[in-house]
Structure formats: C-alpha cells, structure tokens
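These figures come from a predicted structure and were not determined experimentally. Whatever order the structure lists ligands and atoms in, that order sets their numbers, starting from 1.
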Amino acid sequence: MKFDFEYYNPTKIYFGKTAIDNLADELENYGKNILLVYGKGAIKSIGLYDKVTEILKQSGKSVVELAGIKSNPTYRQVLRGADLVRKNNIDLILAVGGGSVIDCSKAISVSAYCEGDPWEKYWENFEPLSNKTVPVASILTMTGTASEMNAGSVITNEEKMIKGGRVFTPNVNPKFSILNPEYTYSVPKYQMVSGVFDIMSHLMEQYFSGDDDNTTDYVIEGVMECLINSVRKALVNPQDYEARSNIMWCATLGLNSVTGLSKEQDWEVHNIEHQVGAYTDCAHGVGLAIVSIPYYKHIYKNGLDKFVRFAKKVWSVDVESMTKEEAALKVIEKLSDFIKELGIPKSLREVGATEEMLTKIANSTVPGGTYKHVDNDEILEILKECY
Ligand code: NZQ
Ligand code: ZN
C-alpha cells in the first residue's frame with residue numbers, strides 16, 4: 001500500500017449554536033463589497049436571512065444579492081453571478097444555504113475573472129486554475145455534501161446536459177464556514193435523508209478501494225456507525241440537537257479529505273448519479289441511493305474482502321457463519337434495507353427518468369471504478385436494473 005499524502009485544508013470552522021456570533025469578526029478581514037448568494041427561500045423562512053443581513057449592515061458592508069440558486073445549480077446561474085462580481089468589484093462571496101449554493105459560489109469565484117469560457121476551461125478540459133479568484137465563505141443550512149469544507153464545485157450545464165464536478169484546492173475552499181445544527185431542523189425529511197445518503201455514499205466511495213489496514217478505513221467505519229445511529233434518532237425527533245450535530249459533522253468529515261487520505265477512491269456511483277441528475281434534476285443523495293445497490297451488486301466480487309469487513313464492522317453481520325460471498329450479499333441487502341428505512345425511492349422511474357434517457361445517461365457518464373472498471377455498456381446495465 002502507498003501510505004503517503006499531503007494534507008492541507010484551509011477552511012476555518014465555527015460549529016455550534018452561537019457560531020454565527022463569529023461572522024462580524026470574520027467580515028473585518030474582507031473589503032466592503034459582498035455578494036450574498038442563497039437559494040429559493042429557506043433562509044428567509046428560518047430567520048437566517050434577517051440575521052445575516054443585519055450583521056452585514058452593522059459591519060458597514062455594501063451587499064449585492066444573488067438569490068434563487070436552484071438545487072443542482074446551473075452554469076447559467078454561475079455566469080450571472082460572475083457578472084455581478086465583476087460589475088460590483090466583489091471582495092467576498094458569502095454563500096448561505098446547502099451544497100448547491102456553496103458550489104455555485106465557488107464556481108462564480110473561479111469564473112468571474114476567467115478569460116474565455118470557464119466551463120470549457122475548468123469543467124470540461126480540467127485546466128489548472130490560472131486566474132484571480134474571489135474569497136468564498138459559507139453559512140451552512142443543509143448537510144450532506146461537505147462543500148462547506150472542500151474545494152468541490154458541481155455544476156449542471158443545461159445546454160450540454162452534463163453535470164460536472166471540479167475541485168479547486170485550495171483557492172476556493174471556503175475561508176470560513178459557520179455550522180449551526182439548529183439551522184437544519186427545518187430541512188424537509190426528503191432532503192434530509194437525501195443528504196444522509198450522500199454522506200454514506202461519500203464514505204463508501206472512499207472505503208471501497210484497496211484492501212489495506214489503513215487508518216482512514218477505521219475512521220470511515222466510525223463515521224458510518226455514528227451516521228447510521230444519528231439519523232435513526234433524528235428521524236424520530238428532527239430537533240434532537242446531538243443527532244443533528246453528529247450528522248452535520250459526519251457530513252463535513254465525509255468529504256473534507258480526511259476520509260480519503262491515502263485511499264485510491266472509487267467515485268463511479270457519483271459519476272453515474274451526476275448524469276442521472278443532469279437528465280432528471282433529482283436530489284443528489286436520492287439518485288446515489290438508487291444507483292448504489294445495482295452498482296455494488298455489480299462490483300462486489302472484485303472487492304470481496306472489503307465487503308466482508310464492511311458487513312462485520314459497520315453492520316454487525318455475523319460473517320464467521322457465512323461464506324465471503326454470502327456476507328457480501330448480506331451487507332448489500334442491509335444497505336438496501338437502510339435506504340428503505342430512510343424512505344428513499346428505489347427506482348429511477350420514481351425520480352422522473354424515462355426509458356429513452358437511460359442510454360443517453362449511460363453514454364454521457366465517465367466510466368471508471370477501482371475494484372472493477374465499469375464501461376458504458378455496464379453502466380447501462382446498472383441503470384436498467386434500477387429503472
Ligand atoms: O433553495 P432553498 O430554499 O435554499 O432550499 C433548499 C433546497 O431546496 C433546501 N434547504 C436548504 N437548507 C434548508 C432547506 N430547506 C429548509 N430548511 C433549511 N435549513 O434543501 C434543498 C436542497 O438543497 P441543496 O443545496 O441542493 O442540497 P445539497 O446540500 O444536497 O447540495 C446538492 C448539490 O451539491 C452537489 C450535488 O451534486 C448537488 O448539485 N455536490 C457537491 C459536492 C461538493 N461540493 O464536494 C460533492 C457532492 O457529492 C455533490 O455532488
Ligand atoms: Zn455526493
């Protein structure tokens with residue numbers, strides 16, 4: 001095993017019920033012009049918009065707003081934001097919302113001063129970041145993506161029908177992120193479980209690679225156990241502060257690089273889901289849950305020992321009384337039961353996919369995988385299985 005890595009994460013986290021009290025001090029580090037980016041209205045209904053705008057006003061900031069960022073943010077919205085940054089000489093982009101709002105803010109940051117077409121340059125051709133960026137900070141209201149502590153930016157180009165992800169470390173890691181679990185109390189159950197499965201999927205995509213006795217695998221197993229226990233509590237009582245806090249921090253740990261250190265990482269479930277999202281606009285975690293079961297049934301034989309370990313350590317399956325194959329199939333069944341327990345739809349049909357879309361989704365998905373490399377024909381088989 002190759003156990004070497006470089007780790008640097010420049011995001012400062014303020015976590016807890018009074019985390020917002022740090023906003024005014026943080027704002028002192030930036031110029032006067034703020035672009036406030038948010039979604040379709042959740043931040044207004046929970047009173048956060050009033051609170052944040054009051055702090056901005058008290059801090060003497062001049063604020064331009066970009067509202068209405070949709071779930072699965074679009075390239076068109078990115079270009080609108082980039083235009084606002086240039087015209088208003090923005091000093092800080094403050095994202096208040098979930099992963100979509102934060103991802104869109106990061107994309108605006110790298111696009112505003114890009115010469116040429118940012119999509120082609122950064123999301124299509126993966127060119128190194130070569131232009132000035134604008135600092136981004138976040139106030140998180142929905143957990144799942146870890147966008148609050150990473151440099152990822154996933155954007156949907158509606159014209160090209162591609163949902164593409166790009167990581168811009170360390171330039172657009174939020175400079176600081178404010179995480180108050182109470183803000184997530186109002187997240188509708190459907191979105192909450194979508195976020196929870198997104199976390200689970202991030203952890204699995206990193207875990208299912210290699211067969212090493214790696215510190216990271218132990219960390220992932222612990223985070224998974226905490227996540228499963230906590231979501232069960234939060235489903236019973238959505239205002240369980242401890243459970244909500246655990247979920248929020250599991251999410252951040254799930255994709256802030258800690259759970260990926262010295263792991264090869266898979267990410268094929270995400271590759272497939274992103275194209276499902278481009279065609280159906282489904283909630284990201286819901287799409288992941290639908291794709292996961294047929295995907296893992298497709299690849300488990302190539303990573304049998306890891307599936308047995310997953311069964312034993314995370315799901316307490318009595319693997320000693322089974323063959324490896326039985327244990328692996330048992331844990332995939334456990335995962336499927338968990339998805340059912342969360343109340344997540346099981347088929348692509350339920351999230352708006354049509355039979356005609358399947359070939360287009362399969363052919364536009366980037367093939368990959370670690371235990372097993374899946375090609376576009378296999379991706380189509382997987383999609384048909386969960387249609
Ligand atoms: O639009 P608003 O009104 O804000 O409503 C949102 C939205 O409808 C709502 N919501 C958020 N906070 C709320 C709330 N509703 C009530 N109370 C609150 N406190 O929740 C809905 C979903 O929000 P969204 O931001 O879309 O969800 P999520 O955080 O799951 O983000 C999904 C996006 O992130 C990308 C996904 O592909 C998707 O585009 N990802 C980003 C990653 C990254 N940056 O590293 C990695 C992930 O794998 C993922 O691909
Ligand atoms: Zn994800």
Side-chain angles (χ1 to χ4, degrees), residues 9 11 37-49 66-75 77-78 95-107 136 138-157 162-169 172-174 177 179-206 238-239 244 247-248 251-252 254-257 259-260 265-278 280-289 291-292:
N9 192 319
T11 302
V37 184
Y38 56 96
K40 298 208 162 163
I43 70 159
K44 290 194 172 165
S45 53
I46 61 173
L48 187 56
Y49 173 84
L66 176 62
I69 301 305
K70 66 179 282 299
S71 263
N72 303 323
T74 63
Y75 186 49
Q77 293 182 308
V78 172
V96 188
S100 295
V101 169
I102 307 173
D103 280 15
C104 189
S105 299
K106 294 172 184 172
V136 175
S138 84
I139 302 175
L140 187 67
T141 63
M142 142 98 205
T143 57
T145 65
S147 189
E148 66 276 12
M149 202 180 180
N150 69 34
S153 175
V154 182
I155 301 298
T156 300
N157 188 318
I162 298 285
K163 184 173 174 184
R166 176 70 200 267
V167 180
F168 298 97
T169 309
V172 302
N173 275 76
S177 284
L179 278 61
N180 178 349
E182 288 180 327
Y183 298 156
T184 67
Y185 288 170
S186 55
V187 173
K189 185 191 164 210
Y190 188 82
Q191 291 297 342
M192 175 200 159
V193 296
S194 172
V196 164
F197 199 83
D198 189 21
I199 307 167
M200 193 67 191
S201 181
H202 295 158
L203 295 166
M204 290 191 295
E205 299 258 40
Q206 294 165 105
Q239 304 211 351
R244 288 291 204 175
I247 295 169
M248 194 171 231
T252 309
L255 201 54
N256 71 348
S257 299
T259 44
Q265 311 184 24
D266 190 293
W267 297 114
E268 194 52 24
V269 173
H270 269 67
N271 285 347
I272 300 172
E273 191 289 327
H274 282 167
Q275 278 318 96
V276 169
T280 66
D281 204 21
C282 69
H284 173 60
V286 169
L288 293 169
V291 171
S292 286

Looking only at distances, please establish whether an N/O atom of ligand 1 is found under 3.5 Å from an N/O atom of Ile46.
no

Is there a nitrogen or oxygen of Val101 sitting under 3.5 Å from a nitrogen or oxygen of ligand 1?
no

Can you find a pair of side-chain heavy atoms, one from [X] and one from [Y], that are under 4.5 Å apart?
| X | Y | answer |
| --- | --- | --- |
| His202 | Trp267 | yes |
| Ile247 | Met192 | yes |
| Leu140 | Ser177 | no |
| Gln275 | Asn271 | no |
| Met204 | Phe197 | yes |
| Leu48 | Ile139 | yes |
| Pro73 | Val101 | no |
| Glu205 | Leu255 | no |

Report yes or no: does a heavy atom of [X] sit under 4.0 Å from some atom of ligand 1?
| X | result |
| --- | --- |
| Pro188 | yes |
| Lys70 | no |
| Ala146 | no |
| Pro73 | yes |
| Glu273 | no |

Which atoms of ligand 1 are found less than 4.0 Å from any heavy atom of [X]?
| X | answer |
| --- | --- |
| Gly152 | 44 (N) |
| Ser186 | 16 (C), 17 (N), 18 (C), 19 (N) |
| His270 | 48 (O) |
| Asn72 | 38 (C), 39 (O) |
| His202 | 47 (C), 48 (O) |
| Val187 | 13 (C), 16 (C), 17 (N), 18 (C), 19 (N) |
| Lys163 | 36 (C), 37 (O), 38 (C), 39 (O) |
| Ser147 | 44 (N) |

Please name the pair of heavy atoms, one in [X] and one in [Y], separated by the smallest distance, quoted to 0.1 Å.
| X | Y | value |
| --- | --- | --- |
| Gly98 | Thr141 | N-OG1, 3.6 Å |
| Gly254 | Leu203 | CA-CD2, 3.9 Å |
| Ala251 | Ile199 | CB-CD1, 3.5 Å |

Has the side chain of Thr74 got a donor or acceptor atom that lies under 3.5 Å from a matching backbone atom of Thr156?
no

Quick one: nearest non-hydrogen protein atom to [atom], plus distance?
| atom | value |
| --- | --- |
| atom 50 (O) of ligand 1 | His274 NE2, 2.9 Å |
| atom 25 (O) of ligand 1 | Ser100 N, 3.0 Å |
| atom 49 (C) of ligand 1 | His284 NE2, 3.3 Å |
| atom 19 (N) of ligand 1 | Tyr183 O, 2.8 Å |
| atom 46 (C) of ligand 1 | Leu255 CD2, 3.8 Å |
| atom 23 (O) of ligand 1 | Ser71 OG, 3.7 Å |
| atom 21 (C) of ligand 1 | Gln191 CD, 3.6 Å |
| atom 34 (O) of ligand 1 | Thr145 CG2, 3.3 Å |

Quick check on atom 6 (C) of ligand 1 - does any protein heavy atom sit closer than 4.0 Å to it?
no

Specify whether the nearest protein heavy atom to atom 9 (C) of ligand 1 is under 4.0 angstrom away.
no

Applying a 4.0 Å heavy-atom criterion (strictly less than), which segment of [X] is in contact with ligand 1: side chain, backbone, both, or neither?
| X | value |
| --- | --- |
| Asp198 | side chain |
| Tyr185 | neither |
| Lys40 | both |

Separation of Thr11 OG1 from Glu148 CD (nearest 0.5 Å)
9.0 Å

From CG (Asn173) to CZ (Phe168), nearest 0.5 Å:
12.0 Å

Can you list the steps and then say if Tyr183 with Ile46 is a side-chain contact (heavy atoms from CB on, under 4.5 Å)?
CA-CA 7 Å; Tyr183 298 156; Ile46 61 173; 4.2 Å; yes

As a test of reading the structure, name the N/O/S atom of His202 that is nearest the Zn ion (ligand 2).
NE2

Nearest to the Zn ion (ligand 2) - the N/O/S atom of Asp198, by atom name
OD1

Can you name the side chain to side chain donor-acceptor pair (under 3.5 Å) partners of His284, sequence neighbours left out?
Asp198, His270, Glu273

Could you pull out, from Gly287, Gly144, Ala42, the option with a heavy atom nearest to atom 15 (N) of ligand 1?
Ala42

Step by step, would you call Val286 with Tyr190 a side-chain contact (heavy atoms from CB on, under 4.5 Å)?
CA-CA 9 Å; Val286 169; Tyr190 188 82; 3.6 Å; yes

Looking only at side chains, do Ser147 and Asp103 share a donor and an acceptor under 3.5 Å apart?
yes

